[in-house]
Amino acid sequence: MKTVYLFASALSAYCFFISVSTSLLPANRSFEVTSNLAFQIVSYDCNSGVLQYKITGGDGSPINLVLPGIFAGTVSAENVATHTFPGDARVGRTTTGYANQSGNQISITFITSCNLSLNNPGNPPTNPPANSPSGGSLAFQIVSYDCNSGLLQYQMNGGDGSPINLTLPGIFAGNVSAGSVATHTFPGDARTGRTVNGTATQSGNQISINFTTNCNLSNSNPNTNLPSNPNPGTNPLSGSNLSFQIVSYDCNSGVLQYKMTGGGSSPVNLTLPGIFAGTVSAGVVASHTFPGDARVGRTVNGTASKDGNQISINFTTSCNLTGSGSTPSSNPNSGNQPSTSNPAGSNFSGSFDEANCRYIRGWVMNRNTPYQSTKVDIYVNGWLVVRNALANQPRQDVANAFGISGYNSFGFVASIPRSFKLGSVLTISVKYAGTSTDIQGSPRLTEICPNMYISTTGGGDCGGQVARVFPGAEEAITTVIARTGATGLQLNAEKIKSLTSKLIPMYKDREISLHTYAFTPLSNAKNLAPQITKAVVGGAVIGMALSRQSALPDQRSSAQTLPTVGLGTALTIPLVKDVLANRLPKAGIELAFYDKNGKFIYRQVATINKPARKDWQLLQIRGRALQDGYIAMRIHNRNKIPVYFDDIKLKITSTRVLDKNNEMELNSRKFSSANGFVIQVDTEKNTYLTSADDDCEESTIDLGAIITLQEWANLTGGNWLDPVSVTAPAPSYGYSNGDVVPLPNTGGSGNGGGSSGGQGDLPRPTPVFTNEPLCCTLKRMWQASLDSNGQPKVEVMALATNLGTLVFPVSGLDCAGTYQTNSVSRSYTDIFGNYVIVTDVNGNMSTVLDLCDGRRVEVYGVYHTHPSTAVGNPFQPSPADIGWAASHPGTSTFILGQNGLMRYDGNGNTYPALSSQDLVNCTINCPQ
Amino acid sequence: MNKTLLCCLGFWLVSISIKAQSQIDMLLDNEDFKPVLQEHLWTVRGLNFPNTSVILLQPQKNGLTAYLTVYTFLTEAQKHLPASFTTVQGQPFLIYDGSELKVEDKERWFETVRTFIGKHLCDDVEFFELLKKPGPKEIRSPCSVIYDAPIEQLTFVKGKLKKRQLVGKVPYYQ
């Protein structure tokens, strides 16, 4: 059975920006022009972790600022922003980012320390000096230790001024700066006698750190070991045969078995971040189970040390990790490190870093054009799903590896279409665009991707696509009768009455051709098919015949020569006519068109008639879309008599201007609708020729653009879908829509539910401020904006304030006790309090929020989601959006839509801040 | 002299209003428009915040295109002065038909419009006036809801509604 093919070309972005030229207000701030762009730390308190920073200088245009883990978006010069570092990052946390304005980019690097506020690490350029003054030999120093409280204070001294990678198992792992005092409190049972064996590495030099807690530890310098291994990272083993061995790895279950070998019988200090930290004995097999999202593509970089010697352990989980044998640390993760090697015969370089059920990522570049982004083609299970995807995500590590400055857009990230998730491992290939050359690391396998549509994979000769396009089709698949291949679909009212496809994106002026072959033998009794062969009217005989049909039916034709049994009189003619009429099932194909907001527009039907009793009858619907939207197709049979369908084909051809006259000639009947869909129906077989060659051509399916049918409504009417269930394609942002992830900080009520509960039951929400990375908050907001089916549900709003990020509940009581609830196109902004515009003596204006509890917070940014396309373009600020921005000076206002994050101002100007790919990138490490 | 000018101005306004009013009356009598109107009224009555309906009329060769949406801020009406206004089943409507471009005394006309719909919109005009005053101050923001009102485009050909769709913006007369 041939199935359904989508020849849709690439999805056009729903991205339109309008600007409203009329200014209601004078700009609330002006920009100084021409000064140099610079990052400046205004203040930093290492006790509270509160950092205040700003960008200075520049040309007045928006500045794209990326401080990983802190902020990513556009800012204006001189606007002071605040971030609070968590407890373990208040000292020694290195931040490396950049700011870009009008093509000019500066790097930003600073390390949190208690004197950060005194220094100004951000004055341009903020890259660490290439030759920092040397501070002498690197050394670990215990500043103080109180064995009663377990409080340890320690610091690194000396070195060359560059960040020090410090690993103290059970205490700390990360980068620190020399001279920064850090603290750790040992638990009660470790305050004496706990041995710590760690390392500190700076610029390739490493020292061992070994001490044992005791009441005399303070004021001592436990760093008695001399620098042991000047370059341990590149030598898997020094001085012994100590090695790390993976015994087995099952990428389906995530179970890893490993052991240390060699090195004698003394304990080995093993650190595998996220897996294990402590001492092990050589030869003892240990196991660890990786969680679902880490079973493929998770890189582990650890160390094993013994007697001052240390080896590095590096591996990346993959389905062939098991077979890699021992010591994967030799270079198992080469695919994750920027490599300067090229594919043979080209100047391309690239790496396919990670693939899982949610997304893939990697990088690619053309060394001949190092300041341009390169394109890739992405295949899933051999199907080309994305052609010419531009790898333009920031990958500074790649730029560093190739010595490229000022440009780092080499990365790619793509979400995996839900339609491919059918309960099996996916094979994903990334090739240089337009070539058959895989990039390094390609192909990769994912873990088993849970079935998103059906319980079993459907049959079909072309990869089960019929099951993907027609959810539930596997129940209708039959091997009894097929036109081509071995299987067809059998529909009858007692079993499967109809199959409705998922929504398929459609664009204006695309031509649509839906056809299938249908056949309805006269009986479905085994080996016995009553065949009406003749109806001779005008004589006295009506012929009705019964014939025995072969066990293997002729799949090409049902016409047979049959003996007849006479049945006599003209009086029976009406009866026979009735029998004939009833014997023809009401079956056919239907095509419905929805506009881009999911509103039903039009439906067209082509039904079987008499020829379908003799042979496979071609049913065909052809048309052209007059506007953007979606189509859904349905095959149906409302009678008990089975009807077989086969070779269902939906062909969508890209833009071609139809010749009106030719269009008329092509079709014997024409139905048109002024509601947006010109469509023609043609059931004449000879008017449409199909080529067998294109039955299994590659299909292009737009990422994230396919929506499953949620429910049926009004089966007998035109609209099959619940109008509210279909609005727009839902972007994935690298996670699955519908995951139930409560909004953070929503206080008492409404974690994304659009509560319809009684007002009296609703507590007044309590504002909760957090400091998680903003993109993680945005991710949660977007998730909460969609329902469990990925459809628009409610707008969600958040504020960036001096106390952290404050996400609003979608409903609740405001300070006055009035119940407010958001909707898919409406955000209440004052559930937590009232906004006050403060003008200082110099005329500078800012916005504060007076909370219901009397506290006042400064508002820096306002974010709200646009899950609905009801305003035409979700990225377009509505007049109310613009009005609100204008009336809240001193704030940056953003819309989070399906295409990413966009800033807009009170004049209606828009500034793209983060693309959806940017969001995918920055939410990869967000907690699930 | 002044009285004459005022009289002329008043005549202009009355003639403008009559033109707009006649078009909206024709639309209100249209059988195809009635269900659209009821749907719209049902929607705006469900909004528990001030709002005013907006309709822009564009005559075409064989019919009429109408744009139907909602304002929530008074500045929207100030920014786009209507040609006329009316009330339909208790819901205020601002009407645009191009004749609003002929309004010369915009401030005076806005005050007239404001008198009619001021209570039906969030009055951010007064807020901005206060904000412009010199000196340090604190002013409470008057508008607490952001409503992304849909904009419906209705195409009538020979009296029949031929097309109804959501669009991105209202094509105000320039």
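Note that this is a predicted model, so its numbers are computed, not measured.
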**Report entry** B:Val145 vs A:Arg826 side-chain heavy atoms within contact, under 4.5 Å
**Finding:** yes
Query raised in the report: So how far is it from B:Ser144 OG to A:Trp884 CH2, rounded to the nearest 0.5 Å?
Result: 10.0 Å
Query raised in the report: Taking all non-hydrogen atoms of both residues, which atom of B:Ser141 and which atom of A:His888 are closest, and how far apart?
Result: OG-NE2, 2.9 Å
Query raised in the report: Looking at side-chain heavy atoms only, is the closest gap between B:Phe73 and A:Pro879 below 4.5 Å?
Result: no
Report task. Look at A:Thr829, A:Asp830, A:Ile837 and state which one has the largest set of heavy-atom pairs under 4.5 Å with chain B. Result -> A:Ile837
Query - Euclidean distance, A:Ser878 OG relative to B:Ile151 CD1, rounded to 0.5 Å - result: 8.5 Å
**Report entry** Which portion of B:Thr72 sits near chain A, non-hydrogen atoms under 4.5 angstrom
**Finding:** side chain
Query raised in the report: Hey, what do you get for CD1 (B:Ile139) to OG1 (A:Thr847), rounding to the nearest 0.5 Å?
Result: 11.0 Å
Query - Least distance between heavy atoms, B:Arg140 atom then A:Asn834 atom - result: NH2-OD1, 2.7 Å
Query raised in the report: Is a side-chain donor-acceptor pair under 3.5 Å present for B:Asp148 with A:Ser825?
Result: no
Query raised in the report: Is it true that atom NZ of B:Lys106 has more than 12 heavy atoms of other residues, nucleotides or ligands lying nearer than 6.0 Å?
Result: yes
Query raised in the report: Hey, is NZ on B:Lys34 packed in by over 12 heavy atoms from elsewhere, all under 6.0 Å?
Result: yes
Query raised in the report: Would you find more than 12 non-hydrogen atoms of other residues, nucleotides or ligands less than 6.0 Å from B:Glu107 atom CD?
Result: no
Requested in this report: Below 4.5 Å from any heavy atom of chain B, which atoms of A:Asp881 appear? Answer side chain, backbone, both or neither.
Outcome: both
Query raised in the report: Would you find more than 12 non-hydrogen atoms of other residues, nucleotides or ligands less than 6.0 Å from B:Arg45 atom CZ?
Result: yes
Query - Euclidean distance, B:Glu138 CD relative to A:Asp850 CG, rounded to 0.5 Å - result: 7.0 Å
**Report entry** Considering all heavy atoms, the nearest B:Tyr147-A:Ala880 contact
**Finding:** O-CB, 3.2 Å
